[in-house]
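Working notes, beginning with the structure itself.
Scope of the values below: all heavy atoms of this structure, side chains included, with no hydrogens, waters or symmetry mates. In this text the structure is predicted, and so the values were computed from the model without any measurement. Chain identifiers are assigned alphabetically (A, B, ...) following the order of the sequence lines, protein sequences preceding nucleic acid strands; residue numbering begins at 1 within each chain.
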Amino acid sequence: MARLVFRRIEQPGREYWAGLGVLAVLAMVGLWAAHVMELEGHVVTGMTNRVVWGLPHVFAVFLIVAASGALNAASIASVFGQADYKPYARLSGLIAIALLAGGLAVLVLDLGRPDRLIVAMTRYNFASIFAWNIFLYVGFVAIVAAYLVAMMDRELGRSDRWSKPIGWLAFLWRLVLTTGTGSIFGWLVAREAYDAAVLAPLFIASSLALGTAASIPILAACGRALGEPLLADDMLSRWQRLLAIFVAATLYFTALHHLTNLYASAHHGIERFLLLEGGGITQLFWIGQVGIGGVLPLALLLLSAPTMARLNLAAIMVLVGGLAQFYVVIIGGQVYPQTLFPGMEITSSFHDGEIAPYRASFYELALGLGGAAFALLLIGIGAALLPFLPRHPAR
Amino acid sequence: MSAPDRRELLRGLAGAATIALAPGVTLHVFEAQARAPDQKVSAKTRWGMLIDVGKCGDGCTACVEACKTENGWGGGTRSRTDAQWIRALTVRDPKTKAAVTLPMMCQHCANPPCVDVCPTGASFRRADGIVLVDKHICIGCRYCVMACPYGARSFVHEAVTDPKPHAPRGKGTVESCTLCVHRIDAGHEPACAEACADRAGGAMLFGDLNDPDSEIAKRVVRYRTVKVRADLGCDPGVAYRNL
Amino acid sequence: MTARGRLVLVAALAALVAVAAGAAALTRFKGTDRPHVPRGQGEACVADTDWIRRNHMVALDRQRDATVHEGLRTPRFSLAGCLACHAVAGEDGRAVTAADSRHFCRVCHDYAAVRVDCFDCHASRPERMAEAAGSKR
C-alpha cells in the first residue's frame, strides 16, 4: 500500500469562511447566554428545584458521549489493525478533542459558580463519579493529543511503534470515560429513571453511534472544502455498515433498559410515564429517539445503496435522535416525581408528587448550540492549520 | 475540665426538660450540651430528630414558618425556583384517602448520597451527624440535588438580599436544612423544634441519638418508628412516629 | 480606501490619542485620595492593625474552614465579629450594607480594586445596630 499523505485545507474558499463565521457567531451568542445566566442566576433558565439539569446538560452529555465515539476510526485503524481506516485516524482524533472541549465548556458554563472552576480542579472527593470524570476528561484530551503527535510527528509517525500502544490506551480510556459518563446517572438511587447499571453499556453503544454519526457530516464538509470527496466507493459502504451496527446496538440496549424496568413493578410508574403518558417526553422517545434516531436511519442504511447524500442524511438523523435520547433520559428522569413514600400520593408547596413542568429558555438553547458550534469551530480551524485530512482517501 | 465532666455540669444547669410555668403553659428547654467555642465537634454525638406525626396538626406550618424566620428564606414568589429548607408534606393513601401531614427536610443521613456525589467535597457530614453544604467550595453543579432521595435540597436561582448573619445564602450554590447548626453550637435546639414545642403540638423532639440517657434515644427504642425510604440504606437521622 | 479617507482616519485617531493623554495627565495631577477607613467601636482590633491589614483574608479563610467543618466558633477572627465592630451607621439608623461605598470593607477594597466575594452569601451588616455596640470587646 502506498504511503499515506495528509494535507490541510490550504485554500479556504468563501464557503469555508462563511461557515467559520456562522460558527463563531453561534459560539459568541452561547458565551453571552452563559454570562447572562451567571449574572442573573439560573432563574433566567427553565430550570427549577425539580429539574436542576436542563437543556445545557443535554447538549453537554451529547457532545461528551459523541466525543468518545468519534475516535472510532483511529481505534479501528490502530487497535483492530484495519489499515483502510488509517486515512481518517488523524481527523477522528481532532473531532474527539473538539467535541469534548465543546461539551465541557457547556458543562462548566452552566455551573452555578463557573468562577470557581479552580475549586473543581483542586479539591476532589474521590467517592464522587463526577470527580473521577474530571480526570477521565482531562486524561482523554491528553491521551488523544499524544496519539495525534505519535501519528503526525515527522519522526514518530514513520512507524506505528508509538501510535499503536497509545491508540490502545486511548481506546481503553474512552470505554472507561463513557462508562463514567453513564454512571453519573446510573448510580443515582434517588431517581427512578436512573439507578440502572445498564445505562453504562447503553452510553457506550450511544457513543459509538453518535461519534460515527458526527464524523460523517464533518468528513463531508471537509471533502467539500478540499474539492474532493473523502468518503468514496468501498469506504462509503464500510462507514455505512459501521453506523448501522452501532445504531442497532443502541436500540438493543435501549430496549433492554426499558424491558428490565418493566419487569420490576416498582418501576412501572416511570416506565408508563416515559413510554405512554409523558406527552412531549413520550413523543420525543418514540418519534425522536426510536424513530428518527434508530429505526429510520437503520432502514436507510441497510436497505438502500450507499451514496454520500444518504449516509449524511442517516448520520444527521442519528444525531437528532441522540439529542432526543439524552433529553428523555435527563429531563424525563427529572420531571417525573420522586417516590418518598412508595404506594402513597404526596403533595406539598414544593410540588412533590407532580410532574414538573420544564421549558428550556433561549439562554439554555444558545449555550448548548454555542458549545456545539465551538467544537465545530475548533475542527474547522484545526483542519486548516495542520494536515489532518487524507490526500488519497481509501485507495 | 474533661469533656464528660463538662457535659455533666451543663446537663445539671439546663437539665430539666420542661419547666411548668403555670397550669397549661410550659416552657420547653432543650437538654443543652453546648460545646466550648474552641472545642471541635466529635462523633460521640449524633444529632437527630424524632417527629411524632400524630401531633402534627392539619395545616399546621409552625416549623416551616420558624425556619423561614430563623434562616431568612421564603420571601420569594416563585414556588418552583425559590428555596425550601423544610416543607409540610401531605401523604395520602390512594385507596382509603387517609392522609397525614408531616415536616420533610434534610434527613441528615449517616450515609448521605449528596455527600457521595459531590465532586469538591462541599457537601459534607459533620462529625456530629449534621449534613451541610460548605458554600465556600460549592461550584453549583447540582449533582447533590439529583442524588437526594428526599428532595430536600434547593439551588439558589437568583441573588439573595440581606441574608441572616448566621445563615449565609448565595446565588449559584445549593442549600438545605442545616439543623440550625448555629443554634446547636450555641446550645439551643433547632428553630423548628422550638417553635413546634412553643406554639404547636410539640411533635419534634431533637437530641443526641448516641447518648443513651437522652429523651430521643429512649423514645427511639421504646416506640416503633419509621425512616423515610429506609430501603435505600441512607440511615437518616430523622425518624417519624405514628406514620 | 481613498487617500482622503485615510487622512481623515489618521486625524481622528490622533485626536483620540491626544484627548486620552490629556485626560490621563489631569487625573495624575489631581491624585487619588487615600481611603478613609472608619474606626471600629472597640478599644483595639483583635490583632495588630498592620498585621490585620495584610493578613485578614488568611485569618478569615482559616476561620471559615474551622467553623464550617469542625464547628469551632472562636470569636477572634469571626467575620460577624469584624462586621459588628466596624459597622457604619446609615441614614436609616441601621448599618450600611456592602452595597454602600461607605461600608468598612468597601472603603479599602474599592481603593485597592479587589473584589470581595464574602458578601455574595454573607450578610454584610449586623442585624441590629445595637448588636454592633453590644459586641464591643
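By number of non-hydrogen pairs under 4.5 angstrom with chain A, the leading residue of B:Asp231, B:Thr61, B:Leu232, B:Asp93 is B:Asp93. For the options A:Met37, A:His42, A:Glu40, heavy-atom pairs under 4.5 Å to chain B are most numerous at A:His42. Among A:Thr45, A:Ile134, A:Asp110, A:Thr122, the residue making the largest number of heavy-atom pairs under 4.5 Å with chain B is A:Asp110. Heavy-atom pairs under 4.5 Å with chain A peak, among B:Ala159, B:Gly121, B:Ala147, B:Cys118, at B:Cys118.
At least one side-chain heavy atom of B:Leu102 sits less than 4.5 Å from a side-chain heavy atom of A:Phe341.
Heavy atoms closer than 4.5 Å to chain B are found nowhere in A:Phe126, neither backbone nor side chain. For A:Pro342, the part lying under 4.5 angstrom from a heavy atom of chain B is the side chain only. Only the backbone of A:Glu38 comes within contact range of chain B, with at least one heavy atom under 4.5 Å from a heavy atom of that chain. Proximity to chain B (any heavy atom under 4.5 Å) is shown, for A:Leu111, by both the backbone and the side chain. For chain A, the nearby part of B:Arg78 is the side chain; its heavy atoms alone come within less than 4.5 Å. Heavy-atom distances place the side chain of A:Glu354, and not its backbone, under 4.5 Å from chain B.
Considering every non-hydrogen atom in both A:Gln338 and B:Tyr150, the closest pair reads OE1-C, 4.4 Å. Nearest heavy atom pair, residue A:Arg113 against residue B:Lys171, reads CD-O, 3.7 Å.
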> Stepwise, does the side-chain hydrogen bond (donor to acceptor under 3.5 Å, both in side chains) test hold for A:His351 with B:Ser79?
Replying inline: CA-CA 8 Å; A:His351 305 284; B:Ser79 69; 2.8 Å; yes

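By the 30° and 60° cut-offs, the orientation of the rings of B:Tyr143 relative to A:Phe130 is tilted.
Annotation: side-chain hydrogen bond (donor to acceptor under 3.5 Å, both in side chains) contacts involving residues 123-137 of chain A, sequence neighbours excluded, comprise A:Tyr137-A:Thr181.
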